[in-house]
Amino acid sequence: MLDMKRIRENPDLIRQGIANKNEKDTVGDILELDGKRRAIIQEVDALKNTRNVVSDEIAKLKKNKENADDKIAEMKVVSEKIKGMDSDLREIEEQMDELLLFVPNMVHESVPVGKTESDNKHIREWIPEGIIGLNAESDETLLDHVALGSKLGILDFERGAKLSGSGFPLYMGKGATLERALINFMLDLHLEKHGYKEVFPPFVVNTESMRGTGQLPKLGDDMYRCADDDLYLIPTAEVPITNIYRGETLGADELPMYMCGYSSCFRREAGSYGKETKGFLRVHEFNKVELVKYSMPENSYDELEKLVGNAEAVLQALNIPYRLVLLCTGDTSFASAKTYDLEIWAPGEKKWLEVSSCSNFEDFQARRANIRFKRDAKSKPEFIHTLNGSGLATSRLMISLLENNQTPEGKIVVPKPLQKYTGFSVIE
RNA sequence: GGAGAGGUGGGUGAGUGGCUGAAACCAACGGUUUGCUAAACCGUCAUAGUGCGACAAGUGCUAUCGAGGGUUCGAAUCCCUCCCUCUCCGCCA
């Protein structure tokens, strides 16, 4: 949600920002409603003032046992008028909110302008030595994760589909253990090395929470909804974790706040069938360790860089080749002001796969969710900046992990840091 | 699922139709006092919208006592609907 004042004062900048994100421009309509709204407010406030003043006079007259019938009759009319105008006002405000909720966040000046992912900016890559499959373009003996998973009996996509439908992975045996190990490894890394506080959130949230982080109203179709209870399955732990302090005012000493939590993530992604549906590439349910930060406004971009570094640390520890990409305006999500994607190399797919998306939302989510802080006891509350990033999503990570760590015989070597979590070093 | 209780400012908690945006206390902040601390005393102490003003300082008005509607000249206070929290019972991991 953008500040109305900001739209009123810089309409052209906002228009440009909307265009850069390929979103619908409603600035004209918003400004018109804003004008109407303010005109009504001025008029109705004056009437309310009259009503309040005269009502006081009536009270005094009655106290002195004098007649107040004239004034009462007069105010009866005024009250009716107020009632009508208040209802007009409410209608206009609803229309405005409807439009404002669909205005995307403005991007940071460092974000490259562009339409599609081809305009994204490559920042850096990290490719460890001695990784097999890095030249996989020429290596036809490499197996992809689906083949590996089924050969080793650790992934069973067919039976997962039997249970729930396609896109609901089933891990078996050492595959299940490896998944659990990954989650624990990542959590421990962020808690012990990066200073995050652990959170274990609910996986189902209400509409207020979804609105707070910006999933609603725009992305409702992409989520699983429990209609009877008006609850949603979370698409990411970002939603519950960012909303923890919704509607609250924090002290400056509580910032920055680093929170880290595991959750299952549920995505309907209506309409995406047929694209990259193989194995783990695109699934309806996956596991993710999420990093969330609350920051002071002036520090949020430093915090973003650190956040990206925290996500990279996972990949480096696991020896997985990756590259870091800065998304262009057109590829940056609705609520984000700046987003980096981490993409890991999957030799079996011969593709770079997005495994983490790290964003600074500035005050966009904080405004929707009303999360503020006070610099000190006397100062006015300000909106915090919120950030989040995957740290990381295991399904995509698992693809790369399996494919990069396969031996010529088709075994999987478990990366060293995971072994204390798995209890085994090879899957065969 | 059944029965009951309750939702007031940062907290506790008064307040059943008219100077109540809201007592009191606590916390917080500023100050006086003090060798330091404590205590005591004085003061300040909500948020949002909107107007005037320089998108300042400041100042006026309006709204807000869970949410929405209703009654009334006037509602924290009366009526209706909804939401939430708590307690007890049942069921259940």
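Letters A, B, ... are given to chains in the order of the sequence lines, protein chains preceding strands, and every chain is numbered from 1.
A distance of about 15 Å separates the P atoms of B/G68 and B/A75, rounded to the whole Å. If you take atom C1' in B/C65 and the same atom in B/A14, they sit 12 Å apart, rounded to whole Å. When the P atom is used for both B/C45 and B/A24, the distance is 13 Å, rounded to whole Å. Here, B/A48 and B/A54 have their C1' atoms 23 Å apart, quoted to the whole Å. The same atom, P, is picked in B/A22 and in B/G6; the two are 27 Å apart, to the nearest Å. Rounded to a whole angstrom, the distance from the P atom of B/U8 to that of B/A23 is 16 Å. Going from the P atom of B/G9 to that of B/A67 covers 10 Å, rounded to whole Å. With both ends at atom P, the span from B/G17 to B/C91 equals 46 Å, rounded to whole Å.
Under the 4.0 Å criterion applied to side-chain N and carboxylate O atoms, A/K162 and A/D156 are not assigned as salt-bridge partners. Look at A/K21 and A/E23 and you find no salt bridge, because none of the NZ, NE, NH1 or NH2 atoms lies under 4.0 Å from a carboxylate O. At a threshold of 4.0 Å, the pair A/E298-A/R375 counts as salt-bridged, since one of the basic side-chain nitrogens sits closer than that to a carboxylate oxygen. Ion pairing between A/R124 and A/E312 holds under the 4.0 Å rule for side-chain N and carboxylate O. Ion pairing of A/D34 with A/R8 is present here, as a side-chain N (NZ or NE/NH1/NH2) and a carboxylate O approach within less than 4.0 Å.
For CE of A/M4, the number of neighbouring non-hydrogen atoms (other residues, nucleotides, ligands) closer than 6.0 Å is greater than 12. In the displayed structure, A/E254 atom CD is contacted under 6.0 Å by more than 12 heavy atoms of other residues, nucleotides or ligands.
Listed by first residue number, the stems of RNA chain B with at least three Watson-Crick or G-U pairs below 3.5 Å are B:1-7 with B:83-89, B:10-12 with B:24-26, B:28-32 with B:40-44, B:46-52 with B:58-64, B:66-70 with B:78-82.
Considering A/F280, A/F157, A/F286 as possible partners of A/Y171, the one that fulfils the ring-ring contact (aromatic ring centres under 6.0 Å, His included) test is A/F280.
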Sugar-phosphate or base contact per nucleotide [nucleotides 67-83 of chain B; S, B, -; heavy atom under 4.0 Å]: --S-S-BS---------
Footprint string (nucleotides 45-50 of chain B, 5' to 3'): B base within contact, S backbone only, - free, heavy atoms under 4.0 Å: --SSBS
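Rounded to whole angstrom, the span from the CG atom of A/D253 across to the P atom of B/C29 amounts to 12 Å.
Using the six-membered ring where Trp is involved, A/F266 and A/F203 have ring planes that are tilted, between 30° and 60° apart. The aromatic rings of A/H284 and A/F168 sit tilted, their planes meeting at an angle between 30° and 60°.
Here A/N49 reaches the OP1 or OP2 of B/U62: one of its side-chain N or O atoms lies under 4.0 Å away.
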Full working for salt bridge (charged side-chain N to carboxylate O under 4.0 Å, His left out) between A/R15 and A/D12: CA-CA 5 Å; A/R15 283 203 175 92; A/D12 292 332; 3.3 Å; yes
